[in-house]
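Heads up, the thing below is written out as structure tokens.
Keep in mind that this is a model prediction, so the values were computed, not measured. What you see below is based on every heavy atom in this structure, not just the backbone, and it leaves out hydrogens, waters and symmetry mates.
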Amino acid sequence: LKVRLGDVKETAKGHVYLDLRDTKDGTDPKQRLADFAKAPLEKLLEQRRNEGAEEHEPIFVVYKRRAHEDVVISPLY
């Protein structure tokens, strides 16, 4: 899931969509999300931005931590 924070867009009517890149058919389509997905996605985007993530960084990540070490955030690919 190589979706970045900057890939999430919103229309003037408030509909959320993803700007997909490098799809298998070679196009870059816009995929609208169901309205019920908007609030949880906004919450996740806010969390990632609070962690310091920038627009070019992935939305979906894995958090790993071993005893006495800092948390490591890795892309979920």
Same cluster (ILVMFWY, side-chain, under 4.5 Å), Leu41 and Val3: yes

With a 3.5 Å distance limit and no angle check, can you tell me whether Glu57 reaches the backbone of Glu54 through a side-chain donor-acceptor pair? yes

Say whether, by atom type as modelled, one donor and one acceptor occur between the side chain of Arg48 and the main chain of Val61 under 3.5 angstrom. no

Lys9 NZ to Gln31 CD distance, which is reported to the nearest 0.5 Å: 15.5 Å

Quick check: are there more than 12 heavy atoms from other residues, nucleotides or ligands sitting under 6.0 Å from CG of Asn50? yes

If you draw a 6.0 Å radius around CZ in Phe36, do more than 12 non-hydrogen atoms from other residues or ligands fall strictly inside? no

Same cluster for Val62 and Phe60 if Ile/Leu/Val/Met/Phe/Trp/Tyr side chains link at under 4.5 Å? yes

Does a donor on one side chain and an acceptor on the other come within less than 3.5 Å for Arg32 and His15? yes

Between CG on residue Leu5 and CG on residue Leu44, distance to nearest 0.5 Å: 8.0 Å

Where do Lys38 and Leu33 land on the side-chain contact (heavy atoms from CB on, under 4.5 Å) test, with the steps shown first? CA-CA 7 Å; Lys38 183 178 179 178; Leu33 300 179; over 6 Å; no

Going by an N to O cut-off under 4.0 Å, is there a salt bridge joining Asp70 and Arg65? no

Test side-chain contact (heavy atoms from CB on, under 4.5 Å) on Glu51 and Ile73 and set out the steps. CA-CA 10 Å; Glu51 294 167 351; Ile73 301 174; 3.8 Å; yes

Is any side-chain heavy atom of Val8 closer than 4.5 Å to one of Ile59? yes

Using a 3.5 Å distance criterion without hydrogens, assess whether the side chain of Lys13 forms a donor-acceptor pair with backbone atoms of Glu10. no

Do the charged groups of Glu55 and Arg49 touch, with an N to O distance under 4.0 Å? yes

